[in-house]
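Scroll down for the structure; my scribbles are underneath it.
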Amino acid sequence: MTPKERVLAALEHREPDRIPWGEHSIDHNVYEDILGRETLVQAKIKTTRAMWEGRRDEVVEHIKRDRLELARVLEFDIITAQRVAAKDYKPTPMKQVDDETYESENGDIHRISTATGDLRLFKKVAPVNYEPPTLEGIQEKIDAVDSEPLPDPEDSVFEAVHHAVKEMGESHFVTMNVGGLDWPWFGATEEDRYMSLVLEPEICAKLAELQGRRIIRDLDLYAKLGLDGITPCEDLGTSSNLMASPGIYREMVYPWHKARLERARELGLKVLKHCCGNVWPIIDEIAETSDAYEGIQATGGMDIGELKKAVGDKLCLWGGIWHEHIIDADADQIREDARYAFSTAAPGGGYIMGSSHSLAVGAKAENILEMKRLRDTWGVYPIEPKSFLA
């Protein structure tokens with residue numbers, strides 16, 4: 001089987017020749033450790049500074065080169081393409097306060113994370129004269145959705161997507177991380193946003209409609225780009241439960257997720273949903289609105305074996321190797337993760353190997369290479385758990 005055929009078999013709940021593998025996000029250290037050279041792909045503050053210095057083309061060339069080479073070396077079946085900055089994008093550098101601190105034009109304070117190297121918001125200036133949305137204003141935008149022009153698929157922001165499709169689209173399954181619809185809240189503060197779902201349900205429902213219509217409209221663009229699927233990033237849960245009630249999800253969000261899947265299938269696109277957190281209360285709805293569920297957070301109570309029993313006949317499960325173990329544990333623990341995921345989720349098809357979130361800063365190269373070895377040996381169909389030896 002080709003990598004693309006392998007992924008399609010898993011998504012359609014057929015057994016491929018071996019378990020497919022893909023990752024929705026990979027940080028710079030993985031490229032550097034595996035490929036043996038520095039990169040500006042997801043290189044955190046290095047990438048940010050490169051953009052400030054006007055090195056956009058260099059960043060894009062690294063993305064085009066290193067994403068595909070890593071996929072070839074590790075023999076990924078899924079290629080996750082990405083938008084890039086437009087050719088004429090010229091970000092304004094933040095004011096440097098000290099070695100770790102930067103101030104934006106509006107006074108927000110950002111600091112470089114000691115854990116990941118990201119430039120993260122540390123202190124936000126309180127919004128001045130915040131104007132909440134109104135029903136009338138939202139409805140005007142809804143009425144205009146159908147007349148809003150789609151982004152030009154030849155725009156420079158899709159340069160790396162075109163490269164991935166051209167170079168590997170015939171053989172591999174190409175998806176792209178895209179925006180989605182999670183909780184349609186609003187407000188000047190985090191507390192205000194949560195409270196809006198309860199205090200202003202009519203406005204929140206209209207915001208969901210606006211975003212829902214836009215994500216469905218954008219499917220035509222993704223089809224024109226030649227993608228096989230999309231990966232909407234829609235975090236709905238915390239490590240213990242949903243961020244809001246199942247009832248709010250079912251009333252405001254679910255109808256648009258379902259409509260997106262229906263339209264995607266008309267266009268020949270698969271929907272591979274990335275979602276962190278504990279989402280057990282709405283797992284049936286996720287199964288009804290997605291072809292695959294990625295980012296299965298084991299530390300959030302999302303047990304892949306139990307998921308297989310509950311929705312494995314309807315939903316392809318993408319994950320199984322703990323994100324935390326790839327960073328902090330050794331190859332023995334990676335084998336335990338694979339043993340459990342392969343034996344419970346892979347039989348019968350409907351399973352793609354991946355981390356429970358991403359290959360992130362701190363991920364050990366030896367653990368990633370062990371994932372590959374296990375996929376190549378234990379992951380050959382028919383799956384035989386009795387043969388899972390160290």
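Side chains included, hydrogens not; waters and symmetry mates left out as well; all remaining heavy atoms used. What you see is a predicted model; the values in this text were computed from it and never measured.
Within the structure, ring pair (Phe, Tyr, Trp, His ring centres under 6.0 Å) contacts touching residues 49-91 (residues at least two apart or in different chains) are Trp21-Phe76, Trp52-Tyr102.
Stacking of Arg339 on the aromatic ring of Phe388 is not recorded, the 6.0 Å distance cut-off and the 45° axial limit not both being met.
Side chain to side chain, Glu23 and Ser355 meet the donor-acceptor criterion of an N or O pair below 3.5 Å. Using modelled atom types and a 3.5 Å distance limit, the side chains of Glu288 and Tyr254 yield a donor-acceptor pair.
Salt bridge absent: Glu136 and Lys141 never bring a charged side-chain N and a carboxylate O closer than 4.0 Å. Note on Asp146 versus Arg213: no salt bridge recorded, every NZ/NE/NH1/NH2 to OD/OE distance being 4.0 Å or above. A salt bridge does not link Arg49 with Glu53: none of the charged nitrogens is closer than 4.0 Å to a carboxylate oxygen. No salt bridge links Asp88 with Arg56; every basic N to acidic carboxylate O contact stays at or beyond 4.0 Å. A salt bridge between Glu294 and Lys273 is absent, with no side-chain N of the basic residue lying under 4.0 Å from a carboxylate O of the acidic one. Salt-bridge annotation for Glu69 and Arg37: present, with a side-chain N of the basic residue lying under 4.0 Å from a carboxylate O of the acidic one. The existence of a salt bridge linking Arg111 and Glu103 is excluded, since no basic side-chain nitrogen approaches an acidic carboxylate oxygen closer than 4.0 Å. Classification of Glu285 and Lys258 as a salt-bridged pair fails, no side-chain N sitting under 4.0 Å from a carboxylate O. Between Glu190 and Arg193, no side-chain nitrogen of the basic residue sits less than 4.0 Å from a carboxylate oxygen of the acidic one, so the salt-bridge criterion is not met. In summary, Asp376 and Lys372 engage in a salt bridge, as defined by a charged side-chain N under 4.0 Å from a carboxylate O.
Follow the hydrophobic side-chain contacts under 4.5 Å out from Met371 and you reach Tyr381 in the same cluster. Cluster membership check: Leu369 does not share its hydrophobic cluster with Trp322, using side-chain heavy-atom separations under 4.5 Å among Ile, Leu, Val, Met, Phe, Trp and Tyr. Using a 4.5 Å cut-off between side-chain heavy atoms of Ile, Leu, Val, Met, Phe, Trp and Tyr, with links allowed through other members, Val84 and Met176 fall into different hydrophobic clusters.
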Under 3.5 Å, sequence neighbours excluded: what are the donor-acceptor pairs made by side chains of residues 6-16?
unit_1 : atom_1 : unit_2 : atom_2 : d
Arg6   : NE     : Asp17  : OD1    : 2.7
Arg6   : NH1    : Asp77  : OD1    : 2.6
Arg6   : NH2    : Met1   : O      : 2.9
Arg6   : NH2    : Asp17  : OD2    : 3.1
Glu12  : OE1    : Arg14  : NE     : 3.3
Glu12  : OE1    : Arg14  : NH2    : 2.8
His13  : ND1    : Gly312 : O      : 3.2
Glu15  : OE2    : Gly348 : N      : 2.8

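Proximity of a side-chain donor or acceptor of Asp228 to a complementary backbone N or O of Val174 within less than 3.5 Å is detected.
Between Trp185 and Tyr194, the distance separating the two ring centers is shorter than 6.0 angstrom.
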- Applying side-chain contact (heavy atoms from CB on, under 4.5 Å), run through Tyr293 and Cys316 and close with a yes or a no. CA-CA 6 Å; Tyr293 162 32; Cys316 180; over 6 Å; no
